[in-house]
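A short worksheet on the structure shown next.
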Amino acid sequence: MGASVMGIEKLWDRLEPGTRQWLVDNPGCRILPRTVVAAIAKATGEELEQDRHGETVLSPSDCEFIRTTSQLQDANSHKSP
């Protein structure tokens, strides 16, 4: 079944850099693997709702936030110094 993360945007600043980078590198991912779910829970203390496989389904707004963040990071990395 799975449910959405309680606002990945609200948890973003509490995530480890590696977890944020994984999300930015995988902006089309709608279902978070259990290793990423565990990393989010460890960093934030928030227990995310999981399906029977330990995965969490992202809400449309979470997906949009991650896509936007990924696009911004990509645009910033291509700017000339």
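- Across Pro27 and Ile66, no two heavy atoms sit closer than the pair CA-CG2, 3.8 Å.
- Going from atom CH2 of Trp12 over to atom OG1 of Thr19 covers 9.0 Å, rounded to the nearest 0.5 Å.
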How far apart are the C-alpha atoms of Leu32 and Ile40, what are their side-chain angles, what is the distance that settles it, and do they pass the side-chain contact (heavy atoms from CB on, under 4.5 Å) test?
-> CA-CA 10 Å; Leu32 297 180; Ile40 292 171; 3.8 Å; yes
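- Residues forming a side chain to side chain donor-acceptor pair (under 3.5 Å) with Arg67 (at least two apart in sequence, or on another chain): Glu64.
- Under the 3.5 Å distance criterion, the side-chain polar atoms of Asn76 are matched with a main-chain donor or acceptor of Leu72.
- Considering CZ of Arg30 and OG of Ser59, their distance stands at 8.0 Å, rounded to 0.5 Å.
- In terms of heavy-atom proximity, Glu46 sits nearest to Leu11 at CG-CD2, 3.7 Å.
- Residues Thr68 and Phe65 fail the side-chain proximity criterion, which asks for heavy atoms closer than 4.5 Å.
- Applying the side chain to side chain donor-acceptor pair (under 3.5 Å) rule to Gln21 yields the partners Asp25, Gln73; only residues at least two apart in sequence or on another chain are considered.
- Within the 4.5 Å cutoff, the side chain of Thr56 has no heavy atoms near those of the Glu49 side chain.
- With sequence neighbours excluded, no residue satisfies side chain to side chain donor-acceptor pair (under 3.5 Å) with Thr35.
- Rounded to the nearest 0.5 angstrom, Leu48 CG and Ile8 CD1 are separated by 7.0 Å.
- When every heavy atom of Leu15 is checked against every heavy atom of Ala43, the shortest pair comes out as CA-CB, 4.1 Å.
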